[in-house]
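Take a look at the structure set out below.
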Number of protein chains: 2
Amino acid sequence: MGMGRPREFDAETALDQAMEVFWRHGYEGATIAQLTEAMGINPPSLYACFGNKEGLLKAALDRYTKLRNVWMDEVVAAPTARDVAERMLMGIADKQTDPANPPGCLLVQGGIACGTGSESVPFELAARRSQNEDQLRDRFIRAKAEGDLKPTSDPAALARYVSAVSVGMGVMASSGSDREALQQVASVAVQAVEAQSTART
Amino acid sequence: MGMGRPREFDAETALDQAMEVFWRHGYEGATIAQLTEAMGINPPSLYACFGNKEGLLKAALDRYTKLRNVWMDEVVAAPTARDVAERMLMGIADKQTDPANPPGCLLVQGGIACGTGSESVPFELAARRSQNEDQLRDRFIRAKAEGDLKPTSDPAALARYVSAVSVGMGVMASSGSDREALQQVASVAVQAVEAQSTART
DNA sequence: CCAGATATGTAGTGTTCACTACAGATGTGG
DNA sequence: CCACATCTGTAGTGAACACTACATATCTGG
C-alpha cells in the first residue's frame, strides 16, 4: 500500500496567508474564495488539510498564538510589573500598526460577534485572549510576592486591566489610529499600574 | 391626491428590535430574516422604510447614539476629570452587563471587521465612537484649564485612553465577563486619570 | 364613491456562500 | 509495472443570502 501523492503546498505558509485574510475581514467576512486565492490552493486542498472553514480558523489561531506566546514570554521577563505593562502595551502599539500585518489583533478582528452557526468563534477567540491574561496575572502575583506591587493591589484585576487596554488598542488600530495615538494610550495606561507599584528607590 | 395607507408598525420600536439583533450577531451575522422577525414586519416594509440592510444599521446606530449621548452628557457633567472617568467607566461596566441588552457595546459588536462590500460598516462604527472621544477630550481640556488636570497632562491622550478602555471592556463583556470583573477594570483604569490630576485638598 | 398614493403579505428573484463529486495526476510498496 | 493511497483541478451542489415584483389592502383628497 502506497503513501499517496505528496502535498504540493506548505501548510504553514498557506496558514500565514489565511491568517491575514481572517485578520482583515473577520471570520464571517472572509470567503473561501478569498482564502483559497490567498493560500494559492483550490478548495479541495483546503478541506482535505483543515476540515472546514472553522478548522482553518482554529489552525490560523494556533499559529498566531504560538508566535505571540514567544513574544509574551519576553514581556513577562521584564523586571517589574510596571515594566511588564509598559513592554506589553508599547509593543502592542508597534505590532498593531505594523504595516506588514493588517491593523489590530486577530484575536479581536477575527470575530467579536457572529451569526447563527458560528457562535463558537467568539468563544474561541476569547479563550485565547484569556491565556494572555492568565500569564499576566501569574506575573503580577509574583510581582506582589516580590514586593514590587503594593500589598493592597489585586494582580488579577491588574491583568484584566492590561488585557482590556490591549483589546481596546486593537480596535482603535483597526479603525485607523496610528502608532503615536496608540503609544499615547499605552503611556497613560501604564500609569495605573505604576499607581499600584511600590515606590522606586 | 391621497396620502396612502398608513404604516402599521412603529418605526422606533422596530428599530429597537433591529438594534438588538445587530448588537448580538453583528452586521454581517444578522440576517434579514432574523431582523424582520424581531421587528415583527415583512421584508418589503423594512426596505420601504430603511432602504436596505446598511440603511437599517445606520438608523439603529442613530438611535443607539442618541440614547447614549443623553447619558454622556451626564458623564461629562461630573465635577472633575477623575470623576468623569469614573462615572463613565463604572457606568459602562453596568450598561454592558445589563441583562436587558445584549452584552457589550453595539459600536463594537456591530462589526469591527467586515467582508468585501461592507467596508463602510467598521468606519461608521468608528466615527460614532470618536464622537464620544471628542466629547471626553473637550471635557478634559476644560479640566486642564480649570487646574483640575496637571499642566503637563495631555487631554486628547487621556480621552483616547478612556475611550480605549471602554472599548476593551465592551469586548470583555461580550465574551462573558461579569459586572464585577468590569468594575475591577474600571477601578484600575481610573487611577491613571488620577495620576494626571492635581492633588485634592 | 372614486382616483391616487402608500403599505402589506406572498412568493419569489438572481447571486453568493460553504462545501464536494469526480476524474486525472503523482506518489509508495510489492 | 501494478495495486493502492493521497493530492489536485474542474466544475459543480444545495442552501442561504439580500432584495423585490406584484397583487391586495388601506388610507386621503375631491
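Per chain, numbering begins at 1; letters A, B, ... match sequence-line order.
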Donor-acceptor contact below 3.5 Å, side chain Ser118(A) vs main chain Cys114(A): no
Whole angstrom value for the distance that separates P of dC17(D) from CG of Leu56(B): 16 Å
Distance in angstrom units between His25(B) NE2 and dC17(D) P, rounded: 11 Å
Phosphate-side-chain proximity, Tyr47(B) and dC19(D), N/O vs OP1/OP2 below 4.0 Å: yes
Sugar-phosphate, base or nothing in reach of Pro6(A), heavy atoms under 4.0 Å: sugar-phosphate
Which residue lies more 5' along DNA chain D, comparing Pro43(B) with Pro44(A) via nearest heavy atoms: Pro44(A)
Whole-Å gap separating P (dC2(D)) and CE (Met3(A)): 23 Å
Check against side-chain contact (heavy atoms from CB on, under 4.5 Å), Phe50(B) and Leu57(B): CA-CA 9 Å; Phe50(B) 301 105; Leu57(B) 175 72; over 6 Å; no
Nearest-angstrom distance from the residue atom CD of Gln34(B) to P of dC17(D): 7 Å
Closest contact, heavy atoms only, Phe22(B) versus Ala30(B): CD2-CB, 3.8 Å
Beyond-backbone contact of Ile92(A) with Trp71(A), side-chain heavy atoms, under 4.5 angstrom: yes
Whole-Å gap separating P (dT6(D)) and CD (Glu8(A)): 17 Å
Check: Met90(A) main-chain N/O paired with Lys95(A) side-chain donor or acceptor under 3.5 Å: no
Residue-phosphate contact under 4.0 Å: Ser45(B) side-chain N/O, dT8(C) OP1/OP2: yes
5′-ward residue of the pair Glu28(A)/Arg5(B) relative to DNA chain C: Arg5(B)
Whole angstrom value for the distance that separates P of dC7(D) from CE of Met39(A): 14 Å
Whole-Å gap separating P (dG9(D)) and CD (Glu37(A)): 14 Å
Rounded interatomic separation in angstrom, taking CD from Glu54(A) and P from dC17(C): 18 Å
Closest to the Asn42(A) side chain, choosing from dC19(D), dA18(C), dG9(D): dG9(D)
Residue met sooner reading DNA chain D from 5', once Gly4(B) and Lys53(B) are mapped to nucleotides: Lys53(B)
Among dA18(D), dC19(C), dA18(C), the nucleotide that comes nearest once only the side chain of Thr31(A) is considered: dA18(C)
